[in-house]
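Take a look at the structure below.
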Amino acid sequence: MQAATDSTVLGNFKNATFNNDGIISTFFRRNSKFMVRTDGPDGAIHDYEIKDTFGISPLQQYLIAMPDGRLQALGIAWDSRPRERGGQHWFFLYPGQKISPPNPLHWTSIDQTWNYMCADCHSTNLRKNYDLRTRSYATTYAEIDVACEACHGPGSNHVSWARKRGDWRTFDSNHGLIIALDEREGVSWPADSGGDTIQRSRPRESEREIQMCARCHSRRAEIYEDYVHGQGVDDDYRVALLDQDLYFPDGQIKGEVYEYGSFIQSRMFHAGVTCSDCHEPHSLKLRADGNNVCLQCHSVPKYDSPKHHFHEMGSRGAQCVECHMPTRTYMVVDSRRDHSLRIPRPDLSVKLDTPNACSNCHKDKSSQWAADSLDKWYGRKPVGYQHFADALYSGIQQAPGARQSLTDLLADRDQPAIARATALSMLSTVALSPTEAAVRAGITDASPLVRRAAVRASSNSDPAAAASILAPLLSDPVRAVRIETAEAIAGTPAEPLPSNIARSLNRATDEYIAAQELNADRPEAHMNLGLLYAREKHLARAEAELKTALSLDPRFAPAAVNLADLYRTQNRDSEGEQILKDAINRSPNDGSLQHALGLLMVRRKQGQKALALLAAAAQLDPANARYVYVYAIALSDAGQIAAAIKTLQSNLSRYPYDRDSLSALVGFCDQIGKSDEALTYAQRMYQLDPEDPEVRRMLKTLNGEIRR
């Protein structure tokens, strides 16, 4: 980030124009200022001054100051790559999308606010300073970009040591720095005589450097602002797991997740490699060029040879990173490498439809061709370090055996903690209640990611029941674990809890509230507070928070849905109906709003209106198996059993193991005398969970073993 000047601005501001979906933006100079004429928050064309530049290569964005202290990132960016590589032109960051105010992605809207979306990672010692009362920012930073103190901490003692002032001798052991990022100092990576086994000369005893880098190089949400250099990333951020919308089942990058969540999956991380083994943090360059960065440790004869990579030397396929760190492109032109450093697995692509590095280059060849080629080259199927893809895929699909596969992955301490945590978090979706043993194992795990996942795995449990198991995590040494636990068991009556547990719950709940208040400029934070207060029966406070969420972003559908549901619990459905209708007017294509209003109409016994709304929800969001199931139930209630069965069968074609759809089909088919079909669906349910007593009873009834 730099102030916009002649030396920092890369884009063409010589009255250049850019047409995006009929909106013509003009980039020009007004005296010494850089200006853009484009559509503002009211949809009309206005002139705006560019205050700062953001980024250098391969693109540069531009920040515009608004009167309330916001800096907004323009949605049109400059492609700063050389012309011969396709650069040197303006482009839209969301091609193919029609984005106008108040869409959150419009440059004037909430998802383009630098103060929340960008600043924490791109400036040093940032304080957001958002005032909810005035809806304004007074954001400050020590330095505009990422400077020395961002990583090394306050530098006054280091300056005293360097200048030999004051009690500088007391700082000599660490040069006055707050933390020592010296984990690779004096370390070598000797290989055995065959070049096969490479080990760190001494084990890495900490993750200080990796945790430092993770603060910005991870997909995460900020939960604490007063950072103490040297503490783990999970004390200040909630790091994302391998969630379906962010990663493929084998852990390859899908969404914009940066590097940390990938790197901690890798064999390299577990062998003791740190970020600066490959990257020079001060120059932003690699430690060596091309394959040489890998050949710092790996044997040249063994790995930098066609006998290993089976490609012509000097070709793209002979480059280590092309096979082991394939790229994915974000922001239209920004190619980023996957840091999970994995062996290509085209066989998994065949089975699970995951990407593979071979197909990135050989786009005219199938994944099966690539898998066969690897088998031919190596005489075996290379499997690599990460062995969790099948288990996570089964969890996503909620397939037969998923519960056992996920439980086995959790227990496999040789697999990455982030994968084991993801498996544990999935257990609540593949079983009505995860086994207590699995949750207890997660609670005592060394990884805070796994401990946090144990809380998520208990999400279907009654808060009072969960409290007895999760109580130790209320005093966990890591903030992210404590506050997730507080959220999970909020609303548990204090009376049955031991006094020490009640105090721990109060402290952790206060931390949770503080984490949400830190992000008071976001509707999600106020929705989270609203849900917390609702569970605690503070209904007026819950209502106020949900209304605040909607005032910050009127298109934020989850707040409208939850506010209407809060009104339902208070017999105020007429108010909830208006909330949902207003939200639908703002966001007519949001299936969650249609679904919520449809359920409200069911409660009001307005069957035809309910049916139309539930049908709209299922049509708008067919990927939501629950919406399709509920629509089918509404069809059945309307006497349209055949249509209900057809709808559920269509749902199963997309989600073959959806329990609700299978259960409903058992009942509907049995109801119209198709007992054989009912039995088929019941048997599929039995495959999913042979221990479910309801499924066993269902099978016995259909088989005539139990009188109806």
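For reference, positions follow the sequence shown, starting with 1. Since this is a predicted model, take the numbers as computed values, not measurements.
Between the side chains of S340 and Q386, no donor N or O sits under 3.5 Å from an acceptor N or O. A donor-acceptor pair shorter than 3.5 Å cannot be found between the side chains of N115 and Y130. Between the side chains of T113 and Q72, a donor-acceptor pair is found at a separation under 3.5 Å.
At a threshold of 4.5 Å between non-hydrogen side-chain atoms, the residues I144 and T124 do not count as touching. Counting heavy atoms from C-beta outward, I223 and L518 have side chains that stay 4.5 Å or more apart. Counting heavy atoms from C-beta on, the side chains of Y62 and T53 come closer than 4.5 Å. Put simply, the side chain of W114 does not reach to within 4.5 Å of the side chain of D52, judged on heavy atoms.
Judged by distance alone, the side chain of D236 and the main-chain N or O of R215 form no donor-acceptor pair under 3.5 Å. Panel note: side chain S136, backbone G69; no donor-acceptor pair is recorded below 3.5 Å. Here the side chain of Y330 pairs a donor or acceptor atom with the backbone of G255 at under 3.5 angstrom. Side-chain N or O atoms of S266 include none that pairs as donor or acceptor with a backbone N or O of S262 at under 3.5 Å. A side-chain donor-acceptor contact under 3.5 Å links Q296 to the backbone of V293. At distances below 3.5 Å, not a single donor-acceptor pair connects side-chain atoms of R287 with backbone N or O atoms of C278.
Between R420 and D445, at least one side-chain N (NZ, or NE/NH1/NH2) sits under 4.0 Å from a carboxylate O, which counts as a salt bridge. Using a cutoff of 4.0 Å between basic side-chain nitrogens and carboxylate oxygens, R81 and D334 are not scored as salt-bridged. One finds no salt bridge joining R345 and D250 here, because no Lys/Arg side-chain nitrogen approaches an Asp/Glu carboxylate oxygen to under 4.0 Å. One finds no salt bridge joining E484 and R451 here, because no Lys/Arg side-chain nitrogen approaches an Asp/Glu carboxylate oxygen to under 4.0 Å. D182 and R208 are joined by a salt bridge, as a carboxylate oxygen and a charged side-chain nitrogen come within less than 4.0 angstrom of each other. A salt bridge links E511 and R479; the closest N-O separation between the charged side-chain nitrogens and carboxylate oxygens is under 4.0 Å.
Heavy-atom minimum distance, L242 versus G261: CD2-O, 4.3 Å.
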Does the pair C118 and F54 meet the rule for a side-chain contact (heavy atoms from CB on, under 4.5 Å), with working shown? CA-CA 10 Å; C118 320; F54 210 63; 3.5 Å; yes
Given H217 and Y260, is the ring pair (Phe, Tyr, Trp, His ring centres under 6.0 Å) satisfied, shown in steps? CA-CA 6 Å; H217 290 269; Y260 176 69; over 10 Å; no
In sequence, state the C-alpha distance, the side-chain angles, and the governing distance for Q265 and Y247, and then conclude on side-chain contact (heavy atoms from CB on, under 4.5 Å). CA-CA 12 Å; Q265 300 174 43; Y247 296 86; 4.0 Å; yes
Audit row: D304, H298, side-chain contact (heavy atoms from CB on, under 4.5 Å) steps and yes/no: CA-CA 9 Å; D304 199 18; H298 296 280; over 6 Å; no
Applying side-chain contact (heavy atoms from CB on, under 4.5 Å), run through R220 and D120 and close with a yes or a no. CA-CA 11 Å; R220 80 290 186 278; D120 181 47; 2.9 Å; yes
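Within a 6.0 Å sphere centred on CD of E280, other residues, nucleotides and ligands contribute more than 12 heavy atoms. Around CG of L295, the count of heavy atoms belonging to other residues, nucleotides or ligands within 6.0 Å exceeds 12.
Partners of D243 by salt bridge (charged side-chain N to carboxylate O under 4.0 Å, His left out), not counting sequence neighbours, listed by chain and number: R456. Evaluation of the side chain to side chain contact (heavy atoms under 4.5 Å, CB included) rule for E545 yields H526, L529, Y533 as partners, not counting sequence neighbours. Here E517 pairs with nothing under the salt bridge (charged side-chain N to carboxylate O under 4.0 Å, His left out) rule; sequence neighbours left out. R337 is linked by a salt bridge (charged side-chain N to carboxylate O under 4.0 Å, His left out) to E322, counting only residues two or more places apart in sequence or in another chain. The side chain to side chain donor-acceptor pair (under 3.5 Å) test applied to D226 returns R127, not counting sequence neighbours. Considering only residues two or more places apart in sequence or on other chains, D390 meets the salt bridge (charged side-chain N to carboxylate O under 4.0 Å, His left out) condition with K351.
Taking OH of Y137 as the reference point, atom CZ of R135 lies at 10.5 Å (rounded to 0.5 Å). Rounded to the nearest 0.5 Å, atoms CZ (R219) and OH (Y237) are 14.5 Å apart. M426 CE to Q244 CD: the interatomic distance, rounded to the nearest 0.5 Å, is 7.0 Å. Taken to the nearest 0.5 Å, the CG atom of L126 stands 6.5 Å off from the OG1 atom of T140. Q415 CD to D408 CG: the interatomic distance, rounded to the nearest 0.5 Å, is 12.0 Å. Taking CE of M268 as the start and CZ of F263 as the end, the distance is 8.0 Å to the nearest 0.5 Å.
Ring geometry, H308 versus Y303: the interplanar angle exceeds 60°, so the pair is classed perpendicular (tilted spans 30 to 60°).
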